[in-house]
There are 2 protein chains.
Amino acid sequence: MPRGKAAVSDVYSAMRASILEGDLAPGARINIDAVARSLGVSQTPVREVLQRLEGDNLVVYNPGRGYSTTPLLDLPELRSLFEFRLLVEPWAARAAAVDRLANPAPALKKELEAFRDVMESSGDLRQDLVAHDTRFHDTILAASGNPVVRHAFAQTHCHLHTFRLYPADVDGAITVAEHTAVREAIEACDPEQAEAAMTTHIRNSFDRFAKAFEGELAPLEDSGPPRKRIIT
Amino acid sequence: MPRGKAAVSDVYSAMRASILEGDLAPGARINIDAVARSLGVSQTPVREVLQRLEGDNLVVYNPGRGYSTTPLLDLPELRSLFEFRLLVEPWAARAAAVDRLANPAPALKKELEAFRDVMESSGDLRQDLVAHDTRFHDTILAASGNPVVRHAFAQTHCHLHTFRLYPADVDGAITVAEHTAVREAIEACDPEQAEAAMTTHIRNSFDRFAKAFEGELAPLEDSGPPRKRIIT
DNA sequence: TTAACCAGATTCCTATACGATTTCGCTGAG
DNA sequence: CTCAGCGAAATCGTATAGGAATCTGGTTAA
């Protein structure tokens, strides 16, 4: 069945999904030939995709020994990731809480309502929850009006990494509640409240994920002296 | 002269340098075959490198029409880039200003002294200045202790992008003075001052680059109400 | 003059081939 | 039983080949 076109795009999606889904275990070696045959393409596009995935921090390259999937995040890496989110996302929520057409509240509302419907029907929530979370946060980043920040955030692939840590039983209701708080503050064009709600959401989110490391956990330290606002 | 090994690494460096140096003009199409022949390799490693460069935002891909180098930054993009730097780097400078072995002041001092020597001997300063600037800022990012933030910053390739905007005559002395202020605050373990000095440096840096867009320039707005400090 | 169209050539994109390096399993000595 | 050494198999990394799409220049019709 010859696919006339667009191999590398498909291969990228497929490998990304394989890593996310766990078909390629964290830290496992990647056999290029095996992947190529299983996807019905040659090794060339697979190699190109691996280069890109390495840039995405989803695979690591050992010269002469090929590629492996990146190991699961350990606790320090998880903290680093959420520290970065605390730098970027509250700022974005603040920036998005403006009385303009760029205000993302309508889109966020649609996203939340759609996900509420999914919650009632779906069995395995993980996939849907991550998809919703990804869209929700990206919508706010996009509305911040700063494509560099948005891209930098997207490049962390934080949802993909954290998805691998998810326990099987996820409570989507908590996430929806916190998202709703963020959405309402943005809708009300209240920058302070939007920033605060996003901060709370990310802190809570970190705590939930950190439960995976039960015992060795030290919470993110609370705010120290206030920091001057830098931009806009 | 056949290199037995490590082609993609060399090709990556070479193409990166070509874009930086301007041998590949901004926005120009990239002829894969021509690049391959000029570097004495086949098209395969060149293709892999292009995938990575696209992830780095240094080339763009049009399906069916090949790759082009990314156009020069326009003013809004430059503003976005420096807004991102204002989010990340003052935070990193603050985090690095701690009384620990991780304090990067000694390394920064060496870097500054080495560059002062270069300034006296070198003719074309641009290349050296960008190299120094890259190392200086990365050293601070590394000392922040957050590899995610460091990587996100590195992925913006801000020095590479801004280098393409540099005028031929650069005054390294101003940069050195501002860097020295940052270094001294970090050495003194004064987080407030380190954050402030870095903020000043980035603002001034933006103003210098923005001169390239003379006339259409609106300065980065000054700080509004203070913003609560989020982490550490 | 302008716009549309159509061959020729170029370029992209995937597939296949092949040497170089690494990994694995076996043998045999300590 | 453990471990060093060696040969075969597997895998990586680059080169080459060929089909498919796109670009170029020239011609014709409105």
Side-chain angles (χ1 to χ4, degrees), chain A residues 1-19 21-71, chain B residues 1-19 21-71:
Chain A
M1 177 229 297
R3 303 290 309 281
K5 272 277 308 265
V8 331
S9 185
D10 295 340
V11 171
Y12 181 75
S13 308
M15 294 195 69
R16 206 164 175 285
S18 289
I19 295 173
E21 193 71 23
D23 300 347
L24 294 173
R29 291 275 300 270
I30 295 178
N31 187 320
I32 295 177
D33 185 58
V35 171
R37 274 185 289 106
S38 84
L39 295 177
V41 298
S42 78
Q43 299 183 13
T44 309
V46 174
R47 284 197 134 274
E48 291 183 24
V49 165
L50 284 170
Q51 281 285 337
R52 164 168 298 245
L53 289 172
E54 195 194 2
D56 292 347
N57 268 323
L58 298 180
V59 306
V60 292
Y61 174 61
N62 301 63
R65 314 204 317 182
Y67 295 86
S68 313
T69 57
T70 52
Chain B
M1 177 230 296
R3 302 288 308 280
K5 269 280 306 269
V8 331
S9 185
D10 295 339
V11 172
Y12 181 75
S13 308
M15 294 195 70
R16 206 166 175 283
S18 289
I19 296 173
E21 194 70 24
D23 300 346
L24 293 174
R29 291 275 298 270
I30 296 177
N31 187 320
I32 296 177
D33 186 58
V35 172
R37 274 185 290 105
S38 85
L39 295 176
V41 298
S42 78
Q43 299 183 13
T44 309
V46 174
R47 284 199 136 273
E48 291 183 23
V49 165
L50 283 170
Q51 281 285 335
R52 164 167 300 245
L53 289 172
E54 195 195 2
D56 291 347
N57 268 322
L58 298 179
V59 305
V60 292
Y61 174 62
N62 302 63
R65 316 204 316 181
Y67 295 86
S68 314
T69 57
T70 52

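Chain letters run A, B, ... following the sequence lines, proteins first and then strands; every chain starts at 1.
As a whole-Å value, the separation of A:I32 CD1 from D:dA10 P is 17 Å. Computed from coordinates, the A:E48 CD to D:dG13 C1' distance equals 14 Å when rounded to whole Å. Atom CG of B:D33 is separated from atom C1' of D:dA15 by 13 Å (rounded to the nearest Å). Spacing between atom CG of A:L39 and atom C1' of C:dA15 amounts to 15 Å, rounded to whole angstrom units. Remark: C1' of C:dT22 and OH of A:Y67 are 16 Å apart, rounded to the nearest angstrom. The distance between atom CG of B:N62 and atom P of D:dA21, rounded to the nearest whole Å, is 17 Å.
Dashed line: the shortest gap from a side-chain N or O of A:R65 to OP1 or OP2 of C:dT23 is under 4.0 Å. Regarding contacts with the backbone of D:dG13, a side-chain N or O of A:R47 is found under 4.0 angstrom from either OP1 or OP2. Between C:dC12 and B:N31, a contact under 4.0 Å exists linking OP1 or OP2 to a side-chain N or O. Taking side-chain N and O atoms only, B:Y61 has a distance below 4.0 Å to OP1 or OP2 of C:dC13.
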Which atoms of nucleotides 16-19 of chain D (N or O only) lie under 3.5 Å from a protein N or O atom, and what are those distances?
unit_1 : atom_1 : unit_2 : atom_2 : d
D:dT16 : O4     : B:T44  : OG1    : 3.4

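Scanning for side chain to side chain contact (heavy atoms under 4.5 Å, CB included) contacts around A:A36 gives A:Q43, A:V46, with sequence neighbours left out. Listed by chain and residue number, B:E54 satisfy the salt bridge (Lys or Arg N to Asp or Glu O under 4.0 Å) test with A:R52 (two or more places apart in sequence, or in another chain). For A:P26, the side chain to side chain contact (heavy atoms under 4.5 Å, CB included) partners two or more places apart in sequence, or in a different chain, are A:L72, A:R164. Every residue two or more places apart in sequence or in another chain that forms a side chain to side chain contact (heavy atoms under 4.5 Å, CB included) with B:E48 is listed here: A:R47, A:E48, A:Q51, B:V8, B:T44. Every residue two or more places apart in sequence or in another chain that forms a side chain to side chain contact (heavy atoms under 4.5 Å, CB included) with B:S18 is listed here: B:D23, B:L24.
Between B:A7 and B:V41, the closest heavy-atom pair is CB-CG1, 4.4 Å.
The salt bridge (Lys or Arg N to Asp or Glu O under 4.0 Å) pairs that include a residue from residues 30-46 of chain A are A:D33-A:R37, where partners are two or more places apart or lie in different chains. For residues 27-55 of chain B, no pair satisfies ring pair (Phe, Tyr, Trp, His ring centres under 6.0 Å), with sequence neighbours left out.
Across residues 22-30 of chain B, not one residue has a non-hydrogen atom less than 4.0 Å from an atom of DNA chain D.
Formation of a donor-acceptor pair under 3.5 Å by the A:T70 side chain with backbone atoms of A:V59 is not found in this model.
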